[in-house]
Structure formats: C-alpha cells, structure tokens
Amino acid sequence: MTALHTRSIANRLSLMFGLAATVVLTLLAVAIFLFQAHELQRSKRAELHARMNIIERLGHRATDAQDWAQFTGKLSDITPDDGSLYFLVDSQDARYRTGDDFLDEAEFQRGQDGFGEAELDNGQRYMTYTHVMPPEGERPEVRLIVAAGLRDLNAAEWLFAGAMLVLSVGAIAAVSAMGWHIARRGLAPVDRLSAHARKLDARDLARRLPTDQLPEELVGLVGSLNDALARLEQAYLQLSAFNADVAHELRTPLGNLIGETQVALSRARSSDELLDVLESNLEELDRLRNIVNSMLFLARADRGETAQDLVEVSLRQESQRTVDFMEMLLEDAETQVEIIGDARVCVERSLFTQALTNLLDNAVRHGEHGGTVYVRIDDGASTASVTVDSPGGPLTDHTLKHIFDRFYRADPARSNSTNSHGLGLAIVRAITQLHGGSVFVSSAAGRVLIGFQLPKGTVTARPRTGAPHEVVSSTATVSSNVPKPAT
C-alpha cells in the first residue's frame, strides 16, 4: 500500500470496516461451526442410541447359543459392506463374540455403557456406543457395541467450514467496499471544502469557506478556519496599509533631501549656503532616523519581549520629572499640567518616561491651546493606571478604535506630517505591552482620556497572539532600546 493510500481517510475507514467485519464474522463463523459440529455429533449419538435400542431388544430374546447364532446372523444382514457401520458383540465366551476383526484391530476403550471413540490402523475413526447385557439363561454377560464411521461427519464439518470461509471472505470484501463507498460519500463535504479552498486568493481576501449544508462535525472546524481567514485578511490589509504609510512617511523627508541637494548643486554656492543645506538635510535625516528607530522598537515589542532593569518607583515622581523635562514645550503651548494621585510600580524608567512623554506631547499637539492637562494616577489592588486627561474632542468611533495603530492620524490629509509621523501612541502601546499592561482611550464632555494600565510586578514574555499578560515575581531579562521621543 502506497503512502498516498495509507494517508487516505476513505481507505483507512475501509480498512477499519474490513478489520471489524473480519473480527465479527470470524467469531460468528467459529460459533456457528462449533454449534453445527455439536448438532452433528448429537445427531450421530441419537442414531447410535436408536440402533442400540433395536439390537438390544433382539438380543434379549437370544438366551442360548442357537438363538444367539440367529441373532448375530441378523446383525450381519443389517451391517453395510462399506464399513461405515458395525454391530459388535464382545464376550468372554467366543461363541457369543461377533466382529473379532474389528475388535482386535481397533483401539478403543471397552468399558461400561456409554459413548466412546475407536480408531482403526488405517486411521479411520468411529463413534461407538456400548451397552452391557447381563447374563440370562445360557448366555453370559455380553457387551453390545454399535460403531458408526465419522468420515461422513468429518466431511460435512469440513464442507461447512469451507463454505463459512468463502462466505466470510466475500462478506469482508463486500463490507470493505461498502465502507469505502460510504466513507467517500461521507467525505464529499470535505472535497467540496477543498475545491472552495483552492479558489482562495490574495486578490479576493473576503472569500470564505461555505458553512451551509455541512455535517455537524465540520461546522466548528470550518468556522475556525473562516475566523483564521478573517484574521489573515485583517493582517494583510494592515500590512498593506503599513507599507503605504511607511512609503508616505519616508517619501517627504527623502523628497526634501533630494530637492534641497539638487537645488544646491544647480549652481555654485557659498560656504554659508552649503552649510544651510547641510543643516536642513541633517534635520530630515534625523527625522528618518527617528522613524526607523521607532519601527525597530515596535518590531521588538511584536516579538513578545519584556522590559528589563525594572525598579520600583513612585509614578508621581517619575511623572513630575517628565513634566519638568517638557517644561519649555508646555510653556510654548500655554498648557498647565497637574498630577493627581500616586502608586508604586516596577517599571523601566526610560520606557515609562518615553510613554508619558508621548502622551503629553499628543495632548499638547492635538488638545485645545491654553488648557489644563491632568495626569491621573490610580492605585489598584494589582494594577496601577496612568491617564492623561486633556481638553479636546470629541473623537469618532473610528478614531477611538484605531488611535493606537501605527501611522494612524485622525486627519486623513496628514497636514501635520512634518512634525509627527504617527507612531507616538503606537509606541505607548508597545511600551505598555513590554510591561505586561494594556492601553485605553475614551472621549466625553470635551475631554480626551488616553492612558495605560500596568501590573504591580514583573512580567513574562508576551505572546504574539495577544494573550493576557502574566504577572509573576521573576526578573525580566530583555534589554531596551528606547527610540527618540516620537509622536
């Protein structure tokens, strides 16, 4: 059997049907054979018993040697010539013995009444029935023996066994063939699913496997496959959008670099003019570096790594240091920052500062000018949350859903792409995931609340499937490479 056939479900089911039929029919055939053999033996014993009754009645009338001679003559008359049946008499008195040749040649037990077996030198076997007649008159004690050949019985048994074997083999073959046919019919929905699956193509990502008219056993499997296809479609669309966003973000600084360089090379320039061009190009190169570093940092988070160098800190003190660091930016925006609450959590300080910096920068850039921004720190039993509450909004449902996506901007025109490349909040989410936490956003009553929640403890590596993050007491061992503040 080839490897292809052994992997075939239909062939396997056919083989299993055949094996099951073999076991069942073998047991059934053996049982029938034993029952039939028993019945044949019982029939043969009944025949011997009936013949013994006849000759016993005749033998009771022969009480002397003359009558016994007539009796043995009758026995000779009813004995067939083919050797299939013998009527024998065994006695101490030779005058009352009959069938000496058989009695001398056969090996059998000569004992009390009952059934037995005898075998001649030529291998022929006989079933015997013996009955002892007590002495009466001149007749001494004699043993009447009826011996019936077993050749016909054995032939019938072998014939029956051969017939059972042929029928069993035929039945097994029929059951295997029917099993294969039934399996193929039962697997027809799988063949249809395979045909539909071959039609799946990247050009039609919305195509799904059909779920109508499916057996109950396949509904769950097909549903899971369709869910996986939906996730693949979403990932493919996100990757396509990501590629387009990367190209868009890199095109502007690269275009500026090429344009300014071409202008500088169009004619002779003074050293001051060339210095201005180099300074402008350096700004664009620095922007490209920030984009690349941010993307590398996000890729690190995608691999499921965790933060290292975790130390227990006061979130209020760390938030205050971050606000002090951004003092000039906040003064230019005429924005006040108020910190409310405190909690002690194990964090990597540089990553926490990066996340809060990005949140505050986002609040300043997209919030109302001259408002007050609140940094709310809530201390829970097992987690602590940091929320940046700023004036602004309202945000649409689409924005609330995608605000943490890479390169996402609420303004489709990307009017602020010179100062922001849309990775700030994505980095906040990545930093939170490195600490085993989660992000959240809401908008109501003219306020926008964006923040993150951190567990009180260190974390193990985060699975890429987005499974809940496990808080443990072990030490994290992944190094950080924090990008330059990004928005």
Side-chain angles (χ1 to χ4, degrees), residues 237-302 322 324-335 350-351 353-370 390 392 399 402-431 480-487:
L237 295 176
Q238 289 179 350
L239 180 60
S240 300
F242 176 77
N243 292 336
D245 291 334
V246 170
H248 185 278
E249 295 298 332
L250 297 180
R251 181 178 62 182
T252 299
L254 288 175
N256 293 338
L257 287 171
I258 294 173
E260 292 180 1
T261 303
Q262 289 175 339
V263 171
L265 295 176
S266 64
R267 60 181 178 84
R269 302 286 181 179
S270 65
S271 59
D272 291 338
E273 290 175 328
L274 291 176
L275 183 60
D276 291 339
V277 172
L278 290 176
E279 289 178 350
S280 177
N281 287 351
L282 182 60
E283 292 179 359
E284 297 297 337
L285 289 172
D286 187 61
R287 182 183 175 198
L288 286 173
R289 182 184 64 179
N290 281 342
I291 294 176
V292 172
N293 286 341
S294 297
M295 292 173 60
L296 290 175
F297 180 79
L298 292 172
R300 169 198 163 193
D302 285 342
T322 304
D324 294 341
F325 171 76
M326 300 182 64
E327 182 178 1
M328 294 183 62
L329 177 63
L330 296 172
E331 288 180 355
D332 292 342
E334 299 180 359
T335 299
S350 59
L351 293 181
T353 301
Q354 175 74 65
L356 186 56
T357 299
N358 287 3
L359 289 179
L360 291 174
D361 183 77
N362 180 79
V364 171
R365 290 180 184 274
H366 303 291
E368 295 180 359
H369 188 77
S390 62
T399 299
H402 297 282
I403 196 170
F404 290 101
D405 293 349
R406 300 169 190 181
F407 299 110
Y408 176 77
R409 293 190 183 89
D411 180 11
R414 300 174 182 261
S415 59
N416 195 30
S417 62
T418 302
N419 300 322
S420 172
H421 49 70
L423 291 176
L425 294 183
I427 291 176
V428 172
R429 179 172 63 180
I431 291 174
S480 63
N481 183 13
V482 185
K484 192 174 180 180
T487 58

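Below, each value reflects all heavy atoms present in this structure, side chains not excepted, and no hydrogens, waters or symmetry copies. Nothing here was measured: the structure is a model prediction, and the numbers come from that model.
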List the residues meeting side-chain contact (heavy atoms from CB on, under 4.5 Å) with [X], not counting sequence neighbours, and say none if there are none.
{"X": "E283", "value": "none"}
{"X": "T353", "value": "E318, T322, T357"}
{"X": "T261", "value": "L265, N281"}
{"X": "L278", "value": "none"}

* Check R269 against V263 and note the closest heavy-atom contact, atom names and distance. => NH2-O, 2.7 Å
* Asked: In chain order, what residues pass the side-chain hydrogen bond (donor to acceptor under 3.5 Å, both in side chains) check against E260, with sequence neighbours excluded?
  -> S280
* Pairing residues for D332 by the side-chain hydrogen bond (donor to acceptor under 3.5 Å, both in side chains) criterion, not counting sequence neighbours -> none
Rounded at 0.5 Å granularity, tell me how far [atom1] in [X] sits from [atom2] in [Y].
{"X": "N358", "Y": "I431", "atom1": "CG", "atom2": "CD1", "result": "6.5 Å"}
{"X": "S390", "Y": "N362", "atom1": "OG", "atom2": "CG", "result": "7.5 Å"}
{"X": "I258", "Y": "Q262", "atom1": "CD1", "atom2": "CD", "result": "6.5 Å"}
{"X": "I403", "Y": "R429", "atom1": "CD1", "atom2": "CZ", "result": "11.0 Å"}
{"X": "M328", "Y": "L330", "atom1": "CE", "atom2": "CG", "result": "11.0 Å"}
{"X": "L425", "Y": "H366", "atom1": "CG", "atom2": "NE2", "result": "7.5 Å"}

